[in-house]
Amino acid sequence: MNIKGLTLAELQDYIESLDLPKYRAGQIFSWIHQKKACSWEEMTNLPKSIHRLFSEKEISLGCLSVLDRVEADDHTTKFLFELDDHQSVESVFLPDAHHHTICFSTQVGCGMGCVFCATGQNGLTRNLAAAEIIDQVLAISRMTGADIHNLVAMGQGEPLINYDEVMKAVKILNDPRGVGIGARHITISTCGIVPKIYQLAREPLQVNLAISLHSADDELRNQLVPINRKYPLRELFKACREYTADTGRRVTFEYALIKDVNDGRADLQKLIESINGLGKRSRALYHINLIPFNPIPGSSFERTVPQRVREFAALLTDAHIETTIRKERGADLAAACGQLQGKRAD
Ligand code: SAH
Ligand code: SF4
């Protein structure tokens with residue numbers, strides 16, 4: 001058992017089942033999640049008898065080992081972690097003057113097969129356990145000494161396919177007695193697993209939702225994001241409307257601009273019509289984040305030229321749709337969106 005994947009309540013139950021006083025659970029939770037301890041010995045306010053008991057019971061503190069760490073000029077840092085079964089996943093540390101962000105993985109690989117994404121090229125290997133998701137955050141925080149403000153589930157994997165473990169990890173990372181990252185600072189990005197969007201809307205913990213849209217045309221989106229064949233745009237937009245109605249939270253649509261694929265006038269027109277079609281209040285409730293496309297090996301897709309990206313953004317803004325262009329970070333280390341493949345830097 002990896003103790004990092006337990007909520008405080010579960011840890012308390014477990015501690016009591018070992019006939020230890022309940023308050024020990026709070027101490028251990030704080031050592032793990034606040035002080036980022038990686039061994040029982042570090043937990044100096046616990047008696048040695050407890051260290052021994054945990055070692056005997058093979059209760060794991062399971063700290064991920066780092067296979068590789070590369071830092072870009074802008075200090076964006078990509079970490080490659082090795083899991084217990086020797087699989088590997090990346091996480092990206094995005095430091096900022098005030099608000100440090102971690103982009104974490106939720107699966108090894110991804111089964112969604114989006115044609116423009118390196119992670120999807122080799123299919124899904126497996127889901128990550130909550131402990132493995134949490135430990136990406138703890139390990140980076142420990143190694144960089146940084147306080148983490150924001151989390152984004154935009155590394156390897158489709159978070160809503162691994163719903164239960166992802167939500168468990170989010171709940172634990174949100175606990176103020178642990179890392180304490182506010183729900184408003186946690187973003188789940190999905191290619192559009194419609195039933196899970198409804199489930200997410202009903203969660204007591206209301207995180208930010210980002211939808212990887214990339215096209216507002218079913219025919220094109222079927223090709224780019226194959227899950228669209230199962231959950232077409234009409235259903236996806238309906239789920240988004242319900243999400244905003246239930247939670248009062250804004251939804252972000254991510255749109256990676258690929259040259260001559262989804263960056264034309266007709267593409268823009270469809271996008272504007274779709275957003276406007278979301279309802280009267282759609283302008284306040286939806287936001288478009290344009291992502292400069294990151295070319296991936298084995299694909300002929302090219303990025304839209306920066307001038308066209310700016311033009312696309314300006315035309316959306318003219319149509320009163322709030323639009324931002326994602327600041328590019330880490331592309332030189334293959335740490336940018338869609339480039340994570342569980343490989344070492346060359
Ligand atoms: N599976 C989730 C989260 C991980 S992907 C999802 O698809 O939303 C994180 C973001 O990177 C998504 O918006 C995804 O569409 C985008 N992305 C994937 N490949 C990309 C590429 N080559 N260039 C730019 N963005 C890409
Ligand atoms: Fe998976 Fe997201 Fe990549 Fe699509 S874009 S293959 S859902 S990681």
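Keep in mind that what you see is a predicted model, and the values were worked out from it rather than measured.
- Around the CZ atom of R126, the shell of radius 6.0 Å holds more than 12 heavy atoms that belong to other residues, nucleotides or ligands.
- Electrostatic pairing of E311 and R265 does not count as a salt bridge here, judged by no charged N lying under 4.0 Å from a carboxylate O.
- For the residue pair T119 and G157, the shortest heavy atom distance occurs at CG2-N, 3.8 Å.
- Within the 3.5 Å criterion, the main-chain N or O of L138 finds no donor-acceptor partner in the side chain of S141.
- Relative orientation of the F29 and H33 rings is tilted, given thresholds of 30° and 60° on the angle between their planes.
- Between T304 and V309, the shortest heavy-atom contact is O-CG2, 3.8 Å.
- Heavy atoms only, all atoms of each residue included: R221 and S212 are closest at NH2-O, 2.7 Å.
- Taking the six-membered ring where tryptophan is involved, the planes of F253 and F237 are perpendicular, since the angle between them exceeds 60° and thus also 30°.
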Audit row: E10, K168, salt bridge (Lys or Arg N to Asp or Glu O under 4.0 Å) steps and yes/no
CA-CA 12 Å; E10 286 170 342; K168 188 167 192 207; 3.0 Å; yes

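- Looking at heavy atoms from C-beta onward, L151 lies out of side-chain contact with V170 at the 4.5 angstrom threshold.
- Summarising the local packing, CZ of R308 is surrounded by more than 12 heavy atoms from other residues, nucleotides or ligands at distances under 6.0 Å.
- The SG atoms of C117 and C110 are placed at least 2.5 angstrom from each other.
- In this structure, E42 CD and W31 CH2 are separated by 7.0 Å, a value rounded to the nearest 0.5 Å.
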